*Asks:* 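I am attaching a structure below and will ask some questions about it afterwards.
It should be emphasised that the depicted structure is a prediction, and the values quoted were computed from it without experimental measurement. As the structure lists them, so they are numbered: ligands from 1, and atoms in each ligand from 1.
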Amino acid sequence: MFGTVKRIIRWCGEFKGKLYLGFLMTFLSHIFTALPLGLAAYTVGGLIEATVAGETPDASWIWKSILIQVALVFFRFLFDYFRARLQEPIGYRLTARDRLAVGDALKRVSLGYFDKVSTGNILNSITTGLGTLEGMGIRMIDNFVGGYLNFLVIFLVLLFFSPLTALIALAAAGLSFSAMLLISHYSKKNAPIEAQANRDMTGAAIEYARGLAVVKSFGKDGAAMDAVSRAIEDSKNIHLKIEWGYLPGNALHLLALKCGSVGLAMAAALMCLAGSMDFSVMLMFVFYSFSIFASLEPISDSAHTLGVIDDAMDQLDALKENHFIDADGKDITPEHFDIEFDHVNFGYDDRLVLRDVSLRIPEGSSTAIVGPSGSGKSTICSLIARFYDPQSGKIRLGGHDLREFTCDSLLANLSMVFQNVYLFHDTLRANICFGKPDATEEEMIAAAKKARCHDFIMALPNGYDTVVGEGGGTLSGGERQRVSIARAILKDAPIIILDEATAGIDPENEHLIQSAITELTRGKTVITIAHRLATIRSADQILVVNDGQIAERGTHEELLGQNGIYRRFTEIRKRAEGWQIEKA
Ligand code: ATP
């Protein structure tokens, strides 16, 4: 329990000063909560004593007492206000910083990480986990620290008037603290189980939402919905089971505090009867007997939540402390853009996908990568972008091993245009300017014109300010592709990696996309996972990948002459495209 409190305080970093000042405000607020009780007891006691003695109570004293009460209550709220101003923003500021840090960390891990950690996991840590920390982290330690500070203040008052009653309060608080340790131990043990149930539920919901098109096209949601229902049911059962487990600890905690209250009041009453305590002091004790433990009651919620917060912080640390692929990288600006693979071996897991691949792509040249499905074409492109590191061998850009670069300085040299274009749920303007946020309006429009998307964008009601659906879902496939090409044109990177569309595109669209690609690739080093014979034929170099190896390499004419895989491949493509290219 103390470990988590300390951990949250450490997490506060540069805001620690405000946090401590907030604790001071809480302490003062508690003093100003205790004083009115003492004053009320003293006033009421005086009134009763005067009435019993048959005297007329002094009305001016009552008014004075009320005025002092108002002043004390005012100060109490003032300190509460300062506490809130000091402490409340801390959680929001820190979690905003951490969310950005996680975003940055995710950008710098190998893509292999995402094969192991599900989107549900990551999403849950960033939203639910950090949300818990954001909304409750600071409040919970304030509850904890504030609750015990309040106890301390009243305990000292009790000790001053009657050490015996202080001892009763201490015993009750001690028993409640043992219950708290029980609760916090239980919470720590179960928080990871709860968090996993939440992550599973999020993961299942994401999977269901992603697969909705398939679900609809098959007209059934059976298996897909089953997984979501199961995850929801499991989550409900796990949470319920864990909640039941808190009952004994909570009951012991409340029982200790309530018994403490009653014990305190009884002890004070007995002392008063025995004549060893003034009536007013006895009244004050009775009043304090309720308030001394009221501030300790919510601590059980803190003890419960501290475990959840601890787990959220574990998740956060795990995300932030990932092995950065570019931890030792430097910001390098290469002098030229030749790309080299030097005896590269790579596998996503134990199975080698690329075997002893060596190749050279000179700056300014165009390279077409062809080969059967699953042969390793996309993997070669992923390695150039350093989405993964090879198991052995070296990949160089401009003579520098890719491992020497930071991800940002490497990716600044690359633009990638994939078949499955992803557009952000944002305006077309923001999507096009993604790789160059400081682009002027003119530069953006020029890029959109070159990518042949200006006309269709201008025909939309909000033009460049049109917000596209998540992933670009509100645009046609061809439009999405052209927007992604505009994005790449605007970035103006010296190396272009293209995955040519294989899906049946209508001739009009294909013509527009080809014109856009011609604009994008002019004067650049171009690597294309090529399917169209026209692209392949015009490449300076063709790499034929087969079973993870470069099986053939050369120009179109050279490869046709070899009468190997490439020749067979072009014949199949010719038949598929339904037209003839010139005879070799
Ligand atoms: P296609 O033409 O069908 O896109 P490709 O030639 O581009 O195929 P790659 O995508 O490079 O082939 O895949 C090469 C091999 O690596 C395949 O056997 C594939 O199953 C495997 N593979 C690809 N991505 C992963 C991954 N993230 N994890 C594990 N294996 C993968």
Side-chain angles (χ1 to χ4, degrees), residues 106-122 203 206-207 210-211 322-323 325 339 341 343-359 361 366-393 395 402 407 414 416-422 477 480-481 484 495-505 513 517 526-536 539 541-553 559 564-566 568-577:
L106 293 180
K107 208 174 67 179
R108 295 171 61 198
V109 294
S110 156
L111 276 194
Y113 173 77
F114 299 96
D115 296 335
K116 292 188 210 107
V117 182
S118 74
T119 319
N121 258 358
I122 297 169
I206 293 174
E207 177 83 358
R210 277 197 187 140
N322 260 309
H323 171 67
I325 199 165
I339 298 166
F341 277 50
H343 300 285
V344 167
N345 286 298
F346 172 77
Y348 292 97
D349 35 48
D350 296 339
R351 183 173 60 102
L352 272 189
V353 168
L354 294 183
R355 284 177 292 131
D356 198 27
V357 171
S358 292
L359 58 89
I361 299 171
S366 64
T367 299
I369 306 180
V370 299
S373 177
S375 56
K377 305 182 292 295
S378 308
T379 305
I380 290 179
C381 295
S382 296
L383 292 186
I384 296 174
R386 213 183 162 201
F387 290 161
Y388 306 89
D389 275 337
Q391 268 88 26
S392 64
I395 304 173
L402 295 193
C407 289
L414 304 174
M416 305 185 81
V417 177
F418 301 102
Q419 270 191 59
N420 297 326
V421 173
Y422 190 89
R480 266 204 302 274
Q481 187 105 37
S484 81
I495 300 166
I496 309 290
I497 299 176
L498 265 172
D499 191 354
E500 226 174 32
T502 45
I505 295 176
I513 291 175
I517 287 177
V526 185
I527 302 143
T528 312
I529 298 175
H531 303 282
R532 294 169 65 253
L533 282 176
T535 313
I536 301 166
Q541 167 181 226
I542 300 164
L543 300 173
V544 183
V545 185
N546 191 31
D547 196 19
Q549 288 181 304
I550 307 288
E552 293 171 13
R553 70 186 82 203
L559 292 182
I565 303 176
Y566 180 74
R568 285 197 297 283
F569 171 79
T570 50
E571 276 158 9
I572 294 167
R573 285 306 308 163
K574 269 187 224 167
R575 279 201 294 279
E577 290 183 14

*Asks:* Starting from atom 22 (N) of ligand 1, find the nearest protein heavy-atom neighbour and note its residue, name and distance.
*Replies:*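 Checking every protein heavy atom, the shortest distance to atom 22 (N) of ligand 1 gives Y348 CE1, 3.3 Å.
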*Asks:* Using a 4.0 Å cut-off to any heavy atom of R351, which atoms of ligand 1 qualify?
*Replies:*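 Listed by number with element: 18 (O), 20 (O), 21 (C).
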*Asks:* Numbering the atoms of ligand 1 from 1, which are under 4.0 Å from a heavy atom of P372?
*Replies:*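 What qualifies from ligand 1 is 6 (O).
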*Asks:* What is the distance from atom OG of S378 to atom CZ of F387, rounded to the nearest 0.5 Å?
*Replies:*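 It is 11.0 Å, given to the nearest 0.5 Å.
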*Asks:* Polar contacts were defined as any N/O atom of the residue lying under 3.5 Å from an N/O atom of the ligand; does this apply to H531 and ligand 1?
*Replies:*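 There is no such contact.
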*Asks:* Return yes if some donor-acceptor pair links the side-chain N/O of K377 with the main-chain N/O of P372 below 3.5 Å, else return no.
*Replies:*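 It does hold such a pair.
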*Asks:* Can you find a pair of side-chain heavy atoms, one from F569 and one from V370, that are under 4.5 Å apart?
*Replies:*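 Yes, their side chains come closer than 4.5 Å.
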*Asks:* So do L354 and P390 actually touch side chain to side chain, heavy atoms under 4.5 Å?
*Replies:*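 Counting from C-beta outward, P390 and L354 never come under 4.5 Å.
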*Asks:* Whether the side chain of E552 engages the backbone of Y566 through a donor-acceptor N/O pair (distance < 3.5 Å, no angle test) should be reported.
*Replies:*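 Yes; at least one donor-acceptor contact below 3.5 Å.
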*Asks:* Please say whether K377 places an N or O atom under 3.5 Å from an N or O atom belonging to ligand 1.
*Replies:*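 Among all N and O atoms of K377, at least one is under 3.5 Å from an N or O of ligand 1.
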*Asks:* Tell me, which protein residue and heavy-atom name are nearest atom 27 (N) of ligand 1, and how many Å apart are they?
*Replies:*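 Looking at atom 27 (N) of ligand 1, the protein heavy atom closest to it is D115 OD2, 3.2 Å.
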*Asks:* Which atoms from ligand 1 have a heavy atom of T379 less than 4.0 Å away?
*Replies:*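 The list of qualifying atoms is 9 (P), 11 (O), 13 (O), 14 (C).
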*Asks:* Working to the nearest 0.5 angstrom, can you tell me the gap between S375 OG and I550 CD1?
*Replies:*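 Interatomic distance, S375 OG to I550 CD1, rounded to 0.5 Å: 9.0 Å.
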*Asks:* Could you establish whether G376 and ligand 1 come within less than 4.0 Å of each other, counting only heavy atoms on the residue side?
*Replies:*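 Distance cut 4.0 Å: G376 passes for ligand 1.
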*Asks:* What's the shortest distance from atom 7 (O) of ligand 1 to any protein heavy atom, and which residue and atom give it?
*Replies:*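 Here the closest protein heavy atom is S378 OG, 2.6 Å.
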*Asks:* Distance check, rounded to the nearest 0.5 Å: I517 atom CD1 versus T528 atom OG1?
*Replies:*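 If I round to the nearest 0.5 Å, the distance is 7.5 Å.
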*Asks:* Tell me which protein heavy atom sits closest to atom 3 (O) of ligand 1, plus the residue, atom name and distance to 0.1 Å.
*Replies:*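 Here the closest protein heavy atom is S373 OG, 2.6 Å.
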*Asks:* Could you list the atoms of ligand 1 found under 4.0 angstrom from a heavy atom of G374?
*Replies:*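 Listed by number with element, the hits are 1 (P), 3 (O), 5 (P), 6 (O), 8 (O), 12 (O), 14 (C), 15 (C), 17 (C), 18 (O).
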*Asks:* With under 30° as parallel and over 60° as perpendicular, where do the rings of Y388 and Y348 fit, or are they tilted in between?
*Replies:*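 Answer is perpendicular, since the angle exceeds 60°.
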